[in-house]
Amino acid sequence: MKLTTLLTSAALALGLATAASADGHEKTKVGFVYVGPVGDGGWTYEHNKGRLAVEEHFGDKVETVFVESVAEGPDSERVMTQMALDGADLIFTTSFGYMDPTNNVAAKFPDVKFEHATGYKRLHPNVSTYSARFYEGRAIQGHIAGKMTKSNIIGYIASYPIPEVIRGINSAFIHARKVNPDVEFKIIWAYTWFDPAKEADAAKALIDQGADVVLQHTDSTAPQAAAQEAGNVVTFGQASDMGQYAPFPRVSSIIDDWAPYYIARTQAVMDGTWESMDTWDGIGAGMVGIGEISDAVPADVKAEALALKAALADGSYHAFTGPLKKQDGSDFLAEGETADDGTLAGMNFYVEGIEGDIPQ
């Protein structure tokens, strides 16, 4: 799509007139920048559900606008700039690659509040960051995967080699190995968040290599469809429930619930109490949900997975608990020691037992 077409579409979507609520007060305008289409069935679909929840909660006190399928990089910066120029009071930028563009635009619009998902840079007082502890959900998926694999080969479709994705791979592997020491992970880096064709090809390649369980950190349902076609491959929903593939191949899912956060941060802007902050919540806070574990999972495995979920939720168990070593055999965590958030946020190594290198 040409940039002029993108911006024209954005302008049409955003509108140029300042809206007022029924009581005559100016509406709070909230913008969302999406990396994928709202119908992706995964990551962007759930962010858009959060946007719709904001509309439902606040009614005519808010106006929400969005632009979908915005490439990470210069295009995103232009879209954010247009949103700010069109009067947005609060802008949520919902992909890791929007981190620098978000801070660049925030510097030019100090009166606009910016919220960046999954990043760590807050270079200006009008920028906040937020993410979810997806690795907690990966621990549960790993447990189920380790119990259900018959080939002992688990495939993993990874998006980009950033700490968020590496944490997920490590967490899934740790918990698969805990219940099945013979498990082997095969990882394909897709270098995309959303590309159904590439995701389907990756799933098929993993299945051809013997994987009878496939996990994904990409956003479409294409791997589910590929597994369904194969007929005997277990999958898990990513970011959204993907329940249309239940009870098999999709046997459970990680569900991102952004609605409470989006409502709270919009309210803070309305109240004048918004402050720059970092939020990193998990199962306990409800930001990470676990989709229904289907009856395709044996009853005892389901019970174990639910117990693990409860322990992660109440804090009695941490997904990264020692003893653990790094891939090179060096010490990572001693017996009973848990990883601190700084280590997790910058994770750039595999744990012991995972084969292959992390792309640089």
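Note that these values count all heavy atoms, side chains included, but never hydrogens, waters or copies made by symmetry.
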**Q** Pick from Asn103, Thr102, Asp100: which one makes a side chain to side chain donor-acceptor pair (under 3.5 Å) with Lys121?
**A**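 Testing Lys121 for a side chain to side chain donor-acceptor pair (under 3.5 Å) against Asn103, Thr102, Asp100 leaves exactly one candidate, Asp100.
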**Q** Tell me whether Glu292 at atom CD has more than 12 heavy atoms from other residues, nucleotides or ligands lying less than 6.0 Å away.
**A**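 No.
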**Q** Would the distance check show the side chain of Ser276 and the main-chain N or O of Val127 forming a donor-acceptor pair, the cut-off being under 3.5 Å?
**A**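 Pair found, side chain donor or acceptor close to backbone of Val127.
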**Q** Evaluate the side-chain proximity of Asp40 to Ser220: yes if any heavy-atom separation is below 4.5 Å, no if none is.
**A**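 No, every pair of side-chain atoms sits at 4.5 Å or beyond.
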**Q** Check for me, please, whether Leu206 and Phe236 land in the same ILVMFWY cluster - side-chain distances under 4.5 Å, paths through other members count.
**A**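 Shared cluster, no.
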**Q** Heavy atoms only: give me the nearest Gly155-Ala211 pair and the separation to one decimal.
**A**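 Scanning both residues completely, I find the closest heavy atoms to be N-CB, 3.6 Å.
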**Q** A side-chain contact here means heavy atoms from C-beta on lying under 4.5 Å apart; do Ser131 and Thr118 qualify?
**A**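 They are in side-chain contact.
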**Q** Determine whether more than 12 heavy atoms belonging to other residues, nucleotides or ligands lie under 6.0 Å from atom OH of Tyr120.
**A**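 Atom OH in Tyr120 is not packed in, count stays at 12 or less.
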**Q** If only side-chain N and O atoms count, and only distance matters, is there a donor-acceptor pair under 3.5 Å linking Ser128 with Arg265?
**A**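 Yes, Ser128 and Arg265 have a side-chain donor paired with an acceptor closer than 3.5 Å.
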**Q** Let me check something: do Ile255 and Val288 share a hydrophobic cluster, defined by ILVMFWY side-chain heavy atoms less than 4.5 Å apart, either directly or through other members?
**A**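 Unlinked, Ile255 and Val288 end up in two clusters.
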**Q** Can a donor-acceptor pair be found, under 3.5 Å and without considering hydrogens, that links the side chain of Asp281 to the backbone of Ala285?
**A**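 It does not hold such a pair.
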**Q** Just one of Val251, Val234, Leu215 clears the side-chain contact (heavy atoms from CB on, under 4.5 Å) bar with Ile144, so which one?
**A**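 Only one option passes, and that is Val251.
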**Q** One pair to check against side-chain hydrogen bond (donor to acceptor under 3.5 Å, both in side chains): Thr64 and Arg51. What are the steps and the verdict?
**A** CA-CA 7 Å; Thr64 73; Arg51 178 187 69 84; 2.9 Å; yes
**Q** Compute whether any side-chain donor of one residue and acceptor of the other, for Ser316 and Asp314, lie under 3.5 angstrom apart.
**A**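 Yes, Asp314 and Ser316 have a side-chain donor paired with an acceptor closer than 3.5 Å.
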**Q** When you look at CG of Asp182, are more than 12 heavy atoms from neighbouring residues, nucleotides or ligands closer to it than 6.0 Å?
**A**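 Yes, enclosed.
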**Q** Ring centroid separation for Phe109 and Phe114, is it under 6.0 angstrom?
**A**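 Between Phe109 and Phe114, the centre distance exceeds or equals 6.0 Å.
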**Q** Between Thr321 and His318 (side chain of the first, backbone of the second, donor and acceptor by atom type, cut-off under 3.5 Å), is there such a pair?
**A**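 Judged by distance alone, yes, a pair lies under 3.5 Å.
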**Q** For Ser171, is there any backbone N or O sitting under 3.5 Å from a side-chain donor or acceptor partner on His175?
**A**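 Judged by distance alone, yes, a pair lies under 3.5 Å.
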**Q** With heavy-atom distances below 4.5 Å as the criterion, would you say the side chains of Asn180 and Thr149 are in contact?
**A**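 A side-chain contact under 4.5 Å exists here.
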**Q** Can you classify the ring geometry of Trp43 versus Trp193 as parallel (below 30°), tilted (30 to 60°) or perpendicular (above 60°)?
**A**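 Parallel.
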**Q** Identify which one of Phe185, Tyr135, Tyr156 satisfies the ring pair (Phe, Tyr, Trp, His ring centres under 6.0 Å) criterion when paired with Phe173.
**A**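 Only match with Phe173 under ring pair (Phe, Tyr, Trp, His ring centres under 6.0 Å): Phe185.
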**Q** Hey, are the side chains of Pro249 and Val233 touching, using non-hydrogen atoms and a 4.5 Å cut-off?
**A**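 Pro249 vs Val233: side chains apart.
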**Q** Around atom OH of Tyr45, are there more than 12 heavy atoms of other residues, nucleotides or ligands at under 6.0 Å?
**A**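 No, not enclosed.
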**Q** About how many Å separate CG of Asn348 and CD of Gln360, when rounded to the nearest 0.5 Å?
**A**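 The CG atom of Asn348 is 8.0 Å from CD of Gln360, to the nearest 0.5 Å.
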**Q** Just by distance, no angles: are the side chains of Asp278 and Thr129 close enough, under 3.5 Å, to form a donor-acceptor pair?
**A**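 Judged by distance alone, the side chains do pair up.
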**Q** Could you state the interatomic distance from NZ (Lys29) to OG1 (Thr266), rounded to the nearest 0.5 Å?
**A**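 Lys29 atom NZ to Thr266 atom OG1 measures 14.0 Å (nearest 0.5 Å).
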**Q** Do the numbers put Lys326 on top of the ring of Phe349, so that NZ or CZ is under 6.0 Å from the six-membered ring centre and no more than 45° off the axis?
**A**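 Lys326 over Phe349 ring: yes.
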**Q** For the ring pair (Phe, Tyr, Trp, His ring centres under 6.0 Å) test, which of Phe32, Tyr130, Phe92 pairs with Trp258?
**A**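 Testing Trp258 for a ring pair (Phe, Tyr, Trp, His ring centres under 6.0 Å) against Phe32, Tyr130, Phe92 leaves exactly one candidate, Tyr130.
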**Q** Examine Ile283 and Leu306 and state if one hydrophobic cluster contains both, with Ile, Leu, Val, Met, Phe, Trp and Tyr joined whenever side-chain heavy atoms are less than 4.5 Å apart.
**A**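 Cluster IDs for Ile283 and Leu306 match.
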**Q** Does the pair Lys108 and Glu77 meet the rule for a salt bridge (Lys or Arg N to Asp or Glu O under 4.0 Å), with working shown?
**A** CA-CA 11 Å; Lys108 301 172 186 175; Glu77 191 163 330; 3.8 Å; yes
**Q** Can you measure from OH (Tyr262) to CD (Glu115) and round to the nearest 0.5 angstrom?
**A**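 Answer for the OH-CD pair, Tyr262 versus Glu115, is 8.5 Å.
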**Q** Ion pair present between Lys147 and Glu304, side-chain N to carboxylate O less than 4.0 angstrom?
**A**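 Yes, Lys147 and Glu304 are salt-bridged.
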**Q** Determine the minimum heavy-atom distance between Gly237 and Met242, stating which atoms define it.
**A**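 Scanning both residues completely, I find the closest heavy atoms to be CA-SD, 3.8 Å.
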**Q** Can you tell if the side chain of Asp256 reaches within under 4.5 Å of the side chain of Phe134, non-hydrogen atoms only?
**A**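 Contact flag for Asp256/Phe134 side chains = yes.
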**Q** Looking only at atom types and distance, does a side-chain atom of Glu68 sit under 3.5 Å from a main-chain N or O of Pro37, one as donor and one as acceptor?
**A**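 No, Glu68 side chain to Pro37 backbone: no donor-acceptor pair under 3.5 Å.
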**Q** Give a yes or no on whether the backbone of Asp195 and the side-chain of Glu199 come within a donor-acceptor separation of less than 3.5 Å.
**A**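 Indeed, once roles are kept as given, a pair shorter than 3.5 Å links the two residues.
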**Q** Is the number of heavy atoms from other residues, nucleotides or ligands within 6.0 Å of CD (Glu55) greater than 12?
**A**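 Above 12, so yes.
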**Q** Kindly give the heavy-atom pair with the smallest separation between Ile187 and Ala158, and that separation in Å.
**A**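 It is CG2-CB, 4.1 Å.
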**Q** Heavy-atom distance under 4.5 Å between the side chains of Met148 and His143, does that happen here?
**A**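 No, every pair of side-chain atoms sits at 4.5 Å or beyond.
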**Q** Assess whether a salt bridge exists between Lys186 and Asp208, defined as any Lys/Arg side-chain N lying under 4.0 Å from an Asp/Glu carboxylate O.
**A**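 So Lys186 does not pair with Asp208 through a salt bridge.
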**Q** Looking only at non-hydrogen atoms, find the nearest pair between Met287 and Tyr261 and report the distance.
**A**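 So the two residues come closest at CE-CB, 3.9 Å.
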**Q** With a 4.5 Å cut-off on side-chain heavy-atom distances among I, L, V, M, F, W and Y, is there a chain of contacts connecting Ile166 to Ile157?
**A**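 Hydrophobic grouping puts Ile166 apart from Ile157.
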**Q** Kindly indicate, with the supporting measurements, whether the criterion salt bridge (Lys or Arg N to Asp or Glu O under 4.0 Å) is fulfilled by Arg167 and Glu164.
**A** CA-CA 5 Å; Arg167 280 194 304 272; Glu164 173 192 332; 5.3 Å; no
**Q** Can you confirm whether the side chains of Gln216 and Gln224 place a donor and an acceptor under 3.5 Å from each other?
**A**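 Per modelled atom types, Gln216 and Gln224 side chains form a pair under 3.5 Å.
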**Q** Heavy atoms only: give me the nearest Leu312-Ala139 pair and the separation to one decimal.
**A**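 Reported closest heavy-atom pair: CD1-CB, 4.3 Å.
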**Q** Out of curiosity, does Val269 fall in the hydrophobic cluster containing Val30 (side-chain heavy atoms, cut-off under 4.5 Å, transitive links)?
**A**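 Yes, Val30 and Val269 fall within the same hydrophobic cluster.
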**Q** Between His124 (side chain only) and Asn104 (backbone N and O only), is there a donor and an acceptor less than 3.5 Å apart?
**A**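 Judged by distance alone, no pair lies under 3.5 Å.
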**Q** Is it true that a side-chain atom of Glu72 and a backbone atom of Met99 form a donor plus acceptor pair closer than 3.5 Å?
**A**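 The answer is no, because no donor-acceptor pair under 3.5 Å joins these two groups.
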**Q** Main chain of Val62, side chain of Thr28: is a donor-acceptor contact present, judged purely on distance under 3.5 Å?
**A**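 No; zero donor-acceptor contacts below 3.5 Å.
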**Q** A side-chain contact here means heavy atoms from C-beta on lying under 4.5 Å apart; do Asp89 and Val112 qualify?
**A**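 The answer is no; the side chains never approach within 4.5 Å.
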**Q** How far apart are the closest heavy atoms of Pro359 and Trp189, and which atoms are they?
**A**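 For Pro359 and Trp189, the tightest heavy-atom pair comes out as CD-NE1, 3.4 Å.
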**Q** Roughly how far, to the nearest 0.5 Å, is NZ of Lys325 from OG of Ser330?
**A**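 These two atoms lie 8.0 Å from each other.
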**Q** In Å, rounded to the nearest 0.5 Å, how long is the span from CG of Asn152 to CG of Asp212?
**A**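 Result: 8.0 Å between the selected atoms.
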**Q** Less than 4.0 Å between a side-chain N and a carboxylate O, is that true for Arg78 and Asp75?
**A**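 Answer for the salt bridge query: yes.
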**Q** To the nearest 0.5 Å, what is the distance between OH on Tyr34 and OH on Tyr98?
**A**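 Here the rounded value is 10.5 Å.
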**Q** Tell me whether the count of non-hydrogen atoms from other residues, nucleotides or ligands lying under 6.0 Å of CD in Gln209 goes above 12.
**A**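 Enclosed: over 12 neighbouring heavy atoms sit under 6.0 Å from CD of Gln209.
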**Q** Using modelled atom types only, decide if a donor and an acceptor are shared between the side chain of Asn48 and the backbone of Val38 within a distance under 3.5 Å.
**A**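 Not confirmed, Asn48 side chain does not pair with Val38 backbone.
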**Q** Just so I know, are the side chains of Val33 and Ile91 near enough to count as touching, which here means a heavy-atom distance under 4.5 Å?
**A**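 Contact flag for Val33/Ile91 side chains = yes.
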